[in-house]
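See structure below.
Residue indices begin at 1 and follow the sequence shown.
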Amino acid sequence: MKKNVDPFFSLSKEDYVSSLILPEDYIVTDIAAIRMIECAVHAMGEETALSAVLLDGPPGIGKTFLGKAIAKAIGAKHILFQFFPGCGKEELLRDKSIDGTLVPGIIPLSITSSIENKTVLILNELDKADVSVDSFLLDFINESQIFVPQLGGELKANNTNLLIVITKNDLRDATEALLRRCRVIYMNWPSVEMETKLIKMHNPWASEKFCEIFINAANQLRRHPGVKKKPSPPELVRLISDCWRIRNQNMTLLEWSQFLLTGLLPLPQDRKYLDQNPMALASEVRNLLSEINNLCRIRFNGIYE
């Protein structure tokens, strides 16, 4: 007698999404984003369409870096295209070499790469492109292919090998049709704990208290709607590194406050939105930096000098 099997409960090993082993230099600031991308990777080749994710959120939070990290995690080649204001689909399809001859653009190149290799195509800052690009990408994702007469006609991707990662910076909305076709992930600013971990990875000398001074100031500015250029995590890492480099230059408190303001808020019109008094901020940073520097001298016998 044949046993009836409920297909819902007949799960094979392939039905489970495995965790990606990300590169050591990648700090997970958004676990939900990672889980969503793991599902997108697992779904590659399940349908005729391409598996695609759209990473949205403020600039500087690591969307592009995440795309590159995913490529490393799955052993794929990453191909990156940076959109620019007014960019249209023609720039994606065709390009010109130095001598002016027509050569394949980034989409045909990614299709060719996918025939034999795992490939992650990163399309960076979609909101800078013309809105017509959204429709073109929708068709490409839906069909896994494009038609370019100048390049030989129909070009079809191997959808088991090609993952599309689109990034966006909140400058304009993507079309609803494109949003429906992608797994949409909104990445926000990292938590204080995660940003501290990121800073300390590049500046192991920095104490948690020292990191939090900068993170708290940055978060206050990030929440303010009037700030045009909000400080990103990479900019904080760079500013804190620079603080260490100039720690022994005997700067006045005024010079320190001007240095910190420039690092946090490069646009002068944004500086009025900083709640904390710049001189008080400079005093706190300088005092803590002096304490850390003295501790390093004692512990490492001047090796940090």
Side-chain angles (χ1 to χ4, degrees), residues 17-40 53 55-70 72-73 165 167-170 183-225 227 229-245 247 260-261 263-266 270 273-276 278 280-293 295-296 299 304:
V17 177
S18 58
S19 296
L20 293 174
I21 300 176
L22 296 167
E24 291 183 359
D25 62 347
Y26 186 81
I27 293 178
V28 177
T29 58
D30 190 330
I31 191 64
I34 299 298
R35 295 292 173 259
M36 189 75 78
I37 289 179
E38 286 173 344
C39 291
V53 296
L55 305 178
D56 200 355
I61 57 170
K63 299 185 292 294
T64 306
F65 189 43
L66 175 56
K68 293 178 180 179
I70 295 302
K72 286 183 180 180
V165 177
T167 76
K168 199 172 81 60
N169 285 340
D170 276 346
R183 287 174 169 85
V184 181
I185 303 162
Y186 190 92
M187 297 175 64
N188 216 324
W189 304 108
S191 66
V192 173
E193 294 75 20
M194 287 295 102
E195 196 158 10
T196 298
K197 188 175 180 181
L198 176 64
I199 292 170
K200 287 176 70 65
M201 183 177 75
H202 296 277
N203 299 281
W205 55 267
S207 65
E208 289 190 7
K209 185 176 180 181
F210 190 79
C211 295
E212 286 179 9
I213 291 173
F214 290 88
I215 295 170
N216 291 339
N219 281 338
Q220 179 260 308
L221 294 165
R222 292 163 180 170
R223 290 190 295 266
H224 202 296
V227 178
K229 175 67 182 69
K230 302 179 192 296
S232 68
E235 289 167 319
L236 285 196
V237 169
R238 184 171 62 240
L239 177 58
I240 289 173
S241 298
D242 288 345
C243 285
W244 185 251
R245 293 186 180 98
R247 68 192 185 282
L260 294 173
L261 270 180
L264 280 171
L265 294 162
D270 285 342
Y273 297 116
L274 181 65
D275 286 347
Q276 191 170 1
L281 177 65
S283 177
E284 192 174 7
V285 167
R286 190 174 68 171
N287 291 341
L288 267 179
L289 196 58
S290 178
E291 291 177 13
I292 296 170
N293 192 38
L295 182 63
C296 288
R299 186 174 297 172
Y304 277 64

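- Of all non-hydrogen atoms in A40 and V53, the two that sit nearest each other are CB-CG1, 3.5 Å.
- The number of heavy atoms from other shown groups lying within 6.0 Å of CD1 (I21) does not exceed 12.
- Although no hydrogens or angles enter the test, the distance criterion places no donor-acceptor pair under 3.5 Å between the side chain of K230 and the main chain of P225.
- In this structure, N293 contributes its side chain and L289 its backbone to no donor-acceptor pair below 3.5 Å.
- Within the 4.5 Å cutoff, side-chain heavy atoms of N169 are placed close to those of K63.
- The shortest heavy-atom contact between N219 and E195 is OD1-OE1, 4.5 Å.
- At least one donor-acceptor pair closer than 3.5 Å links the side chain of E38 to the backbone N or O of L20.
- When the shell of 6.0 Å around NZ of K229 is examined, it contains more than 12 heavy atoms from other residues, nucleotides or ligands.
- With sequence neighbours excluded, no residue forms a salt bridge (Lys or Arg N to Asp or Glu O under 4.0 Å) with R238.
- When all heavy atoms of E284 and Q276 are compared, the closest pair comes out as OE1-NE2, 3.6 Å.
- Once rounded to the nearest 0.5 Å, the distance linking CD1 of I185 with CD1 of I34 reads 8.0 Å.
- In this structure, R35 CZ and I37 CD1 are separated by 11.0 Å, a value rounded to the nearest 0.5 Å.
- Nearest heavy-atom pair, S207 versus I292, reported as atom, atom and distance to 0.1 Å: OG-CD1, 3.8 Å.
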Test D30 against L66 for side chain to side chain contact (heavy atoms under 4.5 Å, CB included), laying out the working first. CA-CA 10 Å; D30 190 330; L66 175 56; over 6 Å; no
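- The distance from atom CG of L236 to atom CG of L198, rounded to the nearest 0.5 Å, is 9.0 Å.
- The two residues P58 and W189 make their nearest non-hydrogen contact at CB-CZ2, 3.5 Å.
- Counting heavy-atom neighbours within 6.0 Å of K72 NZ, excluding the residue itself, gives a total of 12 or less.
- In this structure, W205 and W244 have parallel ring planes: the angle between them is below the 30° cut-off, well short of the 60° mark.
- Closest heavy-atom contact between L22 and A69: CD2-O, 4.2 Å.
- A heavy-atom distance below 4.5 Å is not found between the side chains of L239 and E235.
- Proximity of L265 to V227: side-chain heavy atoms (C-beta onward) are separated by under 4.5 Å at one or more points.
- Between the OH atom of Y186 and the CD1 atom of I61 there is a distance of 7.0 Å, given to the nearest 0.5 Å.
- Taken from CG in D56 to OG1 in T167, the straight-line distance is 9.0 Å, to the nearest 0.5 Å.
- Looking at heavy atoms from C-beta onward, L221 lies in side-chain contact with L274 at the 4.5 angstrom threshold.
- Note: N203 CG to I240 CD1 = 6.0 Å, rounded to the nearest 0.5 Å.
- Distance alone, capped at 3.5 Å, places no donor-acceptor pair between the S290 side chain and the R286 backbone.
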Exercise answer: donor-acceptor pairs, residues 208-217 side-chain atoms, under 3.5 Å, sequence neighbours excluded:
{"unit_1": "N216", "atom_1": "ND2", "unit_2": "E212", "atom_2": "O", "d": "3.1"}

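- Contact check for C243 versus R247: no side-chain heavy atoms found under the 4.5 Å cut-off.
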